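Report on the structure given below.
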Number of protein chains: 2
Amino acid sequence: MVNTSATSETEARILEAATRIFRAKGRDGAKMQDIADEAGINKALLHYYFRSKDKLFEQVFRDSSAIFFSRLNEILQSDLELFTKIRRLCDAYITMTMENPFIPIFIIGEVNRNAESFITNIFSGNGIKPEFKSLEKQIAEEIRSGRIRPVRAEELLMNILGLCIFPIIAKPMMQHNMSLSDKEFNRIMDDRKKTIPAMIIDSIKKKNT
Amino acid sequence: MVNTSATSETEARILEAATRIFRAKGRDGAKMQDIADEAGINKALLHYYFRSKDKLFEQVFRDSSAIFFSRLNEILQSDLELFTKIRRLCDAYITMTMENPFIPIFIIGEVNRNAESFITNIFSGNGIKPEFKSLEKQIAEEIRSGRIRPVRAEELLMNILGLCIFPIIAKPMMQHNMSLSDKEFNRIMDDRKKTIPAMIIDSIKKKNT
DNA sequence: ATACCGTTTAACCATTTGGTTAACAAATAT
DNA sequence: ATATTTGTTAACCAAATGGTTAAACGGTAT
């Protein structure tokens, strides 16, 4: 045995290649031969390390999801003050999505195509499900102290994620409709790291009447 | 000849079936046999009416895109007052996306998978590209009159679409993470028809200081 | 009646694709 | 040294898939 750890070097190479191909082409669009080529190995090796396309896909999907959700968890569960938390979330999700827009597109598309059972199976077990209660508690505190007006934690998160992620995953349409160059688009998204949290905080902060 | 109009009944049936299958499974996931079965006809008929899978897909993709973009256009180019326009946009896009969440997921996914040339080709010709200038002009007016603070039309639209569409296309994740039943989720999205425009208008309205 | 033309089908074909097998190579253990 | 296990490959296979063909069907005109 060359490698005592769970994953050999080859296995890692396969996983990287599979991730790239699956994210770009989706489960059905990706061919095992594509992945083998991308990894620079024989197709049969894919089946040696991962039994089937399904198993390989599941692994890639799990990992991709974990990247996005674990970050959410991390920030949600931190003991940052609420407004800071909001700013961090926006910054993290814009940065992360800009660097890898394939991931949310991939997740949304695949979750949509696959049966409920598949999703439940994938999303359970690993620390993917965020500890949502902590945010709810924190918001309740802030409401009680009179700093913010009553809001649902769900809405707050929907707003943050929608504002940060959507324009990036819909980038081709946005650019086409609004005639934006890559440079302009990037600048706008960079601005939004500030404007989105400002807007969100303003929408929940109690105004002095 | 049984039918003088451009599209025979069978052709329409095929198109409907293809739309359902393509939206649900994506270009690669959809099989010609699936579509034939769904339409209740022989596979060869698909090729009789539409030369190839590619051609059939292109047609479906064009139509699906048109549904979403033509509505945007319609509202943008109306002579509604700005705040009303915002409310209309939110209502229209939440309603439309709730009724057919597959469409934006489908568009985003396919646009992402296909080459730039494909997109440009698809999006040009038919009235898909929204007349964006009219909104920009309207906003400029409102800024000059001092009713709203300076904002970019691009950001405004990104905000509206992100807030309205994203939570719905990411529904399975949202529901899973936040433990929301279908009923709760629907109620929240229905509320958002009001809360989103309120939030957006509030964010651009000039406050009396 | 029958020739004609658009529509529809069953059967077929070539290629692609996920997966297997058997043999070969390279470590590792005895 | 040599048997054994692990990693890797080329060749192969069966099923699925997009697409074609030739024949049949059903009106319509002659």
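Every heavy atom of this structure was used, including side-chain atoms; hydrogens, water molecules and symmetry mates were not. Below, chain A is the first sequence line, B the second, and so on; all start at residue 1. Since the model is a prediction, treat every value here as computed from it, not as a measurement.
- Atoms CE (B:Met32) and P (C:dC13) sit 20 Å apart, rounded to a whole Å.
- Side-chain contact check for B:Ile160 versus B:Ile196: every heavy-atom pair is 4.5 Å or farther apart.
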Salt bridge (charged side-chain N to carboxylate O under 4.0 Å, His left out) between A:Glu141 and A:Lys137, intermediate numbers included = CA-CA 6 Å; A:Glu141 290 277 339; A:Lys137 226 179 90 184; over 6 Å; no

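- A perpendicular orientation is assigned to the rings of A:Tyr93 and A:Phe68, their planes being inclined by more than 60° (bins at 30° and 60°).
- To the nearest angstrom, P of D:dC25 lies 19 Å from CD1 of B:Ile41.
- Counting non-hydrogen atoms under 4.0 angstrom, A:Ala30 reaches the backbone sugars and phosphates but no base.
- When the P atom of D:dT9 is taken as reference, atom CD of A:Gln33 falls 12 Å away, rounded to whole Å.
- Atom pair A:Glu11:CD and D:dT6:P shows a separation of 14 Å (rounding to whole Å applied).
- Between A:Arg71 and A:Glu74 there is a salt bridge, since at least one side-chain N of the basic residue sits less than 4.0 Å from a carboxylate O of the acidic one.
- Between A:Asp191 and A:Lys194, none of the side-chain N atoms (NZ, or NE/NH1/NH2) sits under 4.0 Å from a carboxylate O, so this pair counts as no salt bridge.
- For the pair A:Thr10 and D:dG7, the criterion of a side-chain N or O lying under 4.0 Å from OP1 or OP2 is not met.
- Atom CZ of A:Phe57 and atom C1' of C:dG19 are 19 Å apart (whole Å).
- The side chain of B:Lys31 sits closest to D:dG18 out of C:dT17, D:dT21, D:dG18.
- Checking A:Lys43 against A:Tyr48, the closest nucleotide of DNA chain D that is more toward the 5' end is the one next to A:Tyr48.
- The interatomic distance linking A:His47 (NE2) with D:dG7 (P) rounds to 17 Å, in whole Å.
- Rounded to whole angstrom, the span from the CG atom of B:Asn42 across to the C1' atom of C:dA10 amounts to 7 Å.
- Within the nucleic acid shown, A:Tyr49 comes within 4.0 Å of sugar-phosphate atoms alone, with no base atom in reach, counting heavy atoms only.
- Among the protein residues, A:Phe50 comes within range of no part of the nucleic acid, since none of its heavy atoms lies under 4.0 Å from any strand.
- When the P atom of C:dG18 is taken as reference, atom CG of A:Asp54 falls 10 Å away, rounded to whole Å.
- For a distance-only test at 3.5 Å, the side chain of A:Lys53 fails to qualify as a donor-acceptor partner of the base of C:dG19.
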